[in-house]
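Because the structure is a prediction, the values reported are computed rather than measured.
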Amino acid sequence: AVTEPSLPIIQRVPKSYAVLALGVTVAAALLILALDGMDFKAILATIRSARIGWLLWAACAFSCGSFLRSYRWRMLLSSHRSLDIAVVFWATMTGLMANNFIPFRAGEVVRSMFVARSSGISRSYVLATAIAERVADALILLLAISFFAPQIKGLPTGFDLKLRWIVVVLVAGLLGTGLVLRQWGSITRWLHTIPFTQHHLLDKILNIASEFGRGMACLFSPGRALWT
């Protein structure tokens, strides 16, 4: 009888199990780093003194707020295809949880990858809608702060000026993005006229950029921009 050659152990392990093991390892390492230096006695005392009623109200308010954020994000994603609100909700919750362990607000990437993998939508498009959502939040927050800043006492000298400059830069960036999106067809045609040996690489980059631009375009669509 002919025996099949045995595969190395690493090849016999299902890919999903390998990814799960890697994810658990990374999560455990990040959890250890997050808990390093914490006073667990003080944390336990705080938990014991907490009022269950207020915690339930806080959990309810947090869940409702997360659902509304998920619904808003779903509206931004709806131009590509209709998504189940449950998928977007759990992606949002996963991203919020990841922000507690991963630095640089990387939970935005996590929730985008969750939706992209669950729905089949391109990752660059989903990530762009998440970024557009955060840009809209930042712009509204900055405008609100600049409006109420004169009534707030004790702010550092020059705070108003710095805040105005931040708003100007953000608005200029949005206008520049809108201009690029409007002229995207001309830009891609011009790029194809440049001598480039790796045409397939250029096409791949432009395809990713096009999907990203489609996601950012929600900021310039009156109907969807209102939801942000």
Open item on the list: I'd like to check V88 versus Y71 (side-chain heavy atoms, cut-off strictly below 4.5 Å). Are they in contact?
Closed with: no
Open item on the list: Given the ring of W73, does R111 sit roughly above its face, with NZ or CZ under 6.0 Å from the centre of the six-membered ring and within 45° of the axis?
Closed with: yes
- [ ] Could you please spell out the steps behind the side chain to side chain donor-acceptor pair (under 3.5 Å) verdict for E211 and S122?
- [x] CA-CA 7 Å; E211 288 294 315; S122 66; 2.8 Å; yes
Open item on the list: I'd like to know whether D160 forms a side-chain contact (heavy atoms from CB on, under 4.5 Å) with S146, so could you lay out the CA-CA distance, the side-chain angles of the two residues, the decisive distance to 0.1 Å, and finally the verdict.
Closed with: CA-CA 7 Å; D160 293 348; S146 62; over 6 Å; no
Open item on the list: Determine whether a donor-acceptor pair (N or O, by modelled atom type, separation under 3.5 Å) exists between the side chain of R74 and the backbone of L83.
Closed with: yes
Open item on the list: Quick check: is V171 connected to L141 through a chain of hydrophobic side chains (ILVMFWY, heavy atoms under 4.5 Å apart)?
Closed with: yes
TODO: State, yes or no, whether a side-chain contact exists between V126 and F114 at a heavy-atom distance under 4.5 Å.
DONE: no
Open item on the list: Quick check: do H192 and D203 have side-chain heavy atoms less than 4.5 Å from each other?
Closed with: yes
- [ ] Begin with the C-alpha distance, continue with both residues' side-chain angles, and end with the deciding distance and a verdict on side-chain contact (heavy atoms from CB on, under 4.5 Å) for R48 and L44.
- [x] CA-CA 6 Å; R48 288 176 175 174; L44 184 59; 3.6 Å; yes
- [ ] Flag yes if more than 12 heavy atoms outside W184 fall under 6.0 Å of its CH2 atom; otherwise flag no.
- [x] yes
Open item on the list: Between M93 and L55, is there shared hydrophobic-cluster membership here, with clusters defined by ILVMFWY side-chain heavy atoms closer than 4.5 Å?
Closed with: no
TODO: Report the C-alpha distance between E108 and I131 in whole Å, list the side-chain angles of each, state the deciding distance to 0.1 Å, and finish with yes or no for side-chain contact (heavy atoms from CB on, under 4.5 Å).
DONE: CA-CA 8 Å; E108 304 299 326; I131 293 175; over 6 Å; no
- [ ] Please lay out, stage by stage, how T92 and S66 fare under the test side chain to side chain donor-acceptor pair (under 3.5 Å).
- [x] CA-CA 7 Å; T92 301; S66 299; over 6 Å; no
TODO: List the steps and the verdict of side-chain contact (heavy atoms from CB on, under 4.5 Å) for Y125 and F212.
DONE: CA-CA 5 Å; Y125 175 85; F212 190 86; over 6 Å; no
Task: I187 side chain reached by L206 side chain, heavy atoms, under 4.5 Å - done: no
Open item on the list: Between L175 and M216, is there shared hydrophobic-cluster membership here, with clusters defined by ILVMFWY side-chain heavy atoms closer than 4.5 Å?
Closed with: yes
Open item on the list: Are I145 and F159 packed together at the side-chain level, in the sense that at least one heavy-atom pair is separated by less than 4.5 angstrom?
Closed with: yes
Open item on the list: Has S49 got a side-chain atom pairing as donor or acceptor with T46's backbone, closer than 3.5 angstrom?
Closed with: yes
Task: Close side-chain approach of F62 to L96, heavy-atom, < 4.5 Å - done: yes
